[in-house]
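As structure tokens, the structure follows; a few thoughts come after it.
We name chains A, B, ... by the order of the sequence lines, and we start the count at 1 in each one.
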2 protein chains.
Amino acid sequence: MSQSCAPPASLSTRLSAIDAVALADRLKALADPVRLQLVSYILDQESGEACTCELAPLVELSEPTVSHHLKKLEANGLVSKERRGMNVYYRVVPQAIGEITAALNAACC
Amino acid sequence: MSQSCAPPASLSTRLSAIDAVALADRLKALADPVRLQLVSYILDQESGEACTCELAPLVELSEPTVSHHLKKLEANGLVSKERRGMNVYYRVVPQAIGEITAALNAACC
DNA sequence: ACAGGTATTTGACAGATGTCTAATACCTCG
DNA sequence: CGAGGTATTAGACATCTGTCAAATACCTGT
């Protein structure tokens with residue numbers, strides 16, 4: 001018998017290849033335990049912000065490593081930074097998470 | 001001047017370290033363009049299911065590679081599989097995406 | 001039982017990722 | 001300006017991830 005498997009399929013109407021890469025990039029920015037804890041902790045603060053030197057002991061990693069994680073979050077629009085004096089304060093960008101979950105639901109629900 | 005930086009911080013009340021790892025794992029399962037397209041395509045089907053041999057040409061990857069991605073999705077509860085005859089059919093687990101976005105919102109909103 | 005189609009596992013490999021230390025940059029206060 | 005605290009960058013390294021080809025397993029019809 002010859003092969004009987006499915007005919008050549010067309011891509012989903014929900015999600016183009018380009019959109020898939022863009023959404024995957026944003027999800028990757030969140031898909032790390034350290035970064036989730038950083039975001040979560042910043043949101044917990046009264047002020048809505050936290051500086052690097054406060055975050056490093058929190059997650060028990062070196063400051064350069066935390067700086068690296070914050071950079072990745074910032075590059076994907078999840079946090080913003082502001083220098084005030086010696087410190088750099090990070091805030092969670094409002095709606096950033098909401099936009100990601102909305103895009104995910106559009107693609108996968 | 002002595003150091004003036006933040007006092008020892010306590011972890012977020014929103015997200016324990018263990019929960020952060022668990023959520024990160026599920027997000028990682030979704031945070032790949034190929035896997036997003038697979039899920040999206042399966043949901044697009046009338047039948048709600050698709051087999052490996054149909055998915056491989058769709059994303060232009062080899063069957064072993066697609067099988068690997070499907071395994072990762074299954075391991076994280078995002079899809080289920082069922083063998084029927086020669087083929088294995090994959091379905092998206094209902095609410096799986098919703099649970100992830102809910103956990104994410106709980107941690108980060 | 002065997003032939004042929006479908007699926008997964010295994011093993012190998014390149015590239016991405018997370019972490020650290022050391023070096024550099026940034027900022028404030030004597 | 002110089003000392004000292006804070007932050008980031010650069011470079012190195014181990015691990016994880018995505019991919020493929022080859023081998024194996026699974027299933028059906030003859």
Side-chain angles (χ1 to χ4, degrees), chain A residues 1-9 17 20-21 24-39 42 49-76 79-91, chain B residues 1-9 17 20-21 24-39 42 49-76 79-91:
Chain A
M1 181 200 302
S2 299
Q3 83 179 40
S4 64
C5 197
V21 171
D25 280 345
R26 284 183 291 171
L27 287 170
K28 274 183 210 172
L30 274 176
D32 178 280
V34 171
R35 292 195 286 273
L36 285 172
Q37 285 189 90
L38 294 178
V39 169
I42 295 171
E49 62 187 13
C51 65
T52 309
C53 64
E54 180 180 3
L55 294 168
L58 178 82
V59 293
E60 295 177 305
L61 291 170
S62 69
E63 290 200 6
T65 298
V66 172
S67 194
H68 158 76
H69 284 300
L70 290 166
K71 188 176 185 177
K72 186 150 195 170
L73 288 171
E74 194 201 9
N76 286 276
V79 304
S80 60
K81 70 199 276 194
E82 181 195 358
R83 177 143 224 153
R84 287 207 307 279
M86 278 187 304
N87 300 318
V88 175
Y89 294 89
Y90 285 86
R91 302 185 151 269
Chain B
M1 185 198 299
S2 300
Q3 83 179 38
S4 64
C5 199
V21 171
D25 280 345
R26 285 184 291 171
L27 286 170
K28 275 183 209 169
L30 275 175
D32 179 280
V34 170
R35 293 194 287 272
L36 286 172
Q37 284 188 93
L38 294 177
V39 169
I42 294 171
E49 63 187 14
C51 67
T52 309
C53 66
E54 179 179 4
L55 293 168
L58 178 82
V59 293
E60 296 177 304
L61 291 171
S62 69
E63 289 199 7
T65 298
V66 171
S67 193
H68 157 76
H69 284 300
L70 290 166
K71 188 175 186 180
K72 185 150 197 171
L73 288 171
E74 194 201 9
N76 285 277
V79 304
S80 60
K81 70 200 275 192
E82 181 195 357
R83 177 144 225 154
R84 287 209 305 281
M86 277 188 303
N87 301 318
V88 176
Y89 294 89
Y90 285 87
R91 301 185 152 268

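Straight-line distance from the NE2 atom of B:His68 to the C1' atom of D:dC16: 10 Å, rounded to whole Å. Rounded to a whole Å, the CZ atom of A:Arg84 is 12 Å from the P atom of C:dT28. One atom, CG of A:Leu55, and another, P of D:dA7, lie 9 Å apart when rounded to the nearest Å. Straight-line distance from the CZ atom of A:Arg83 to the P atom of C:dA25: 13 Å, rounded to whole Å. When the P atom of D:dT8 is taken as reference, atom CG of A:Leu70 falls 7 Å away, rounded to whole Å. When the P atom of D:dT8 is taken as reference, atom CG of A:Leu73 falls 12 Å away, rounded to whole Å. Atoms CG (B:Asn87) and P (C:dA7) sit 4 Å apart, rounded to a whole Å. Rounded to whole Å, the distance from CD on A:Glu63 to C1' on C:dA22 is 14 Å.
Here the shortest heavy-atom pairing between B:Leu36 and A:Ala24 reads CD1-N, 3.7 Å. Shown here for B:Val34 and B:His69, the closest heavy-atom pair between the two residues is CG1-CD2, 3.6 Å. The shortest non-hydrogen separation linking B:Val79 to B:Tyr90 is CG2-CD2, 3.8 Å.
Side chain of B:Cys51, nearest nucleotide from D:dT19, C:dC20, C:dA7: C:dA7. Counting only heavy atoms from C-beta on, B:Thr65 has its side chain closest to D:dT19 among D:dT19, C:dT17, D:dT9. Closest approach to the B:Cys53 side chain among C:dT9, C:dT19, C:dA7 is made by C:dA7 (side chain taken as heavy atoms from C-beta onward). Side-chain atoms of B:Ser67 lie closest to C:dT9 of the nucleotides C:dT21, C:dG4, C:dT9. Closest to the B:Lys81 side chain, of the nucleotides C:dT8, C:dG18, C:dA7, is C:dT8. The listed nucleotides are C:dC27, D:dT9, C:dG4; the one nearest the side chain of B:Met86 is C:dG4.
Phosphate contact (OP1/OP2 of C:dT17, side-chain N/O of A:His69, threshold under 4.0 Å): absent. Contact annotation: B:Ser62 does not reach the phosphate of D:dT19 (side-chain N/O to OP1 or OP2, under 4.0 Å). Side-chain nitrogen and oxygen atoms of A:Lys71 include none within less than 4.0 Å of the OP1 or OP2 phosphate oxygen of D:dA7. Distances shown here put every side-chain N or O of A:Lys28 at or beyond 4.0 Å from the OP1 or OP2 atom of C:dA16. A close approach under 4.0 Å does occur between a side-chain nitrogen or oxygen of B:Thr52 and OP1 or OP2 of C:dT8.
Of the inter-residue distances, the one linking A:Leu61 atom CG with A:Leu55 atom CG reads 11.0 Å to the nearest 0.5 angstrom.
Both A:Arg35 and A:Gly85 sit near DNA chain C, but only A:Arg35 has its closest nucleotide nearer the 5' end.
Here the side chain of B:Arg35 pairs no donor or acceptor atom with the backbone of B:Leu73 at under 3.5 angstrom. In this structure, A:Asp32 contributes its side chain and A:Lys28 its backbone to no donor-acceptor pair below 3.5 Å.
If you check every strand for non-hydrogen atoms under 4.0 Å, B:Tyr90 touches sugar and phosphate atoms only.
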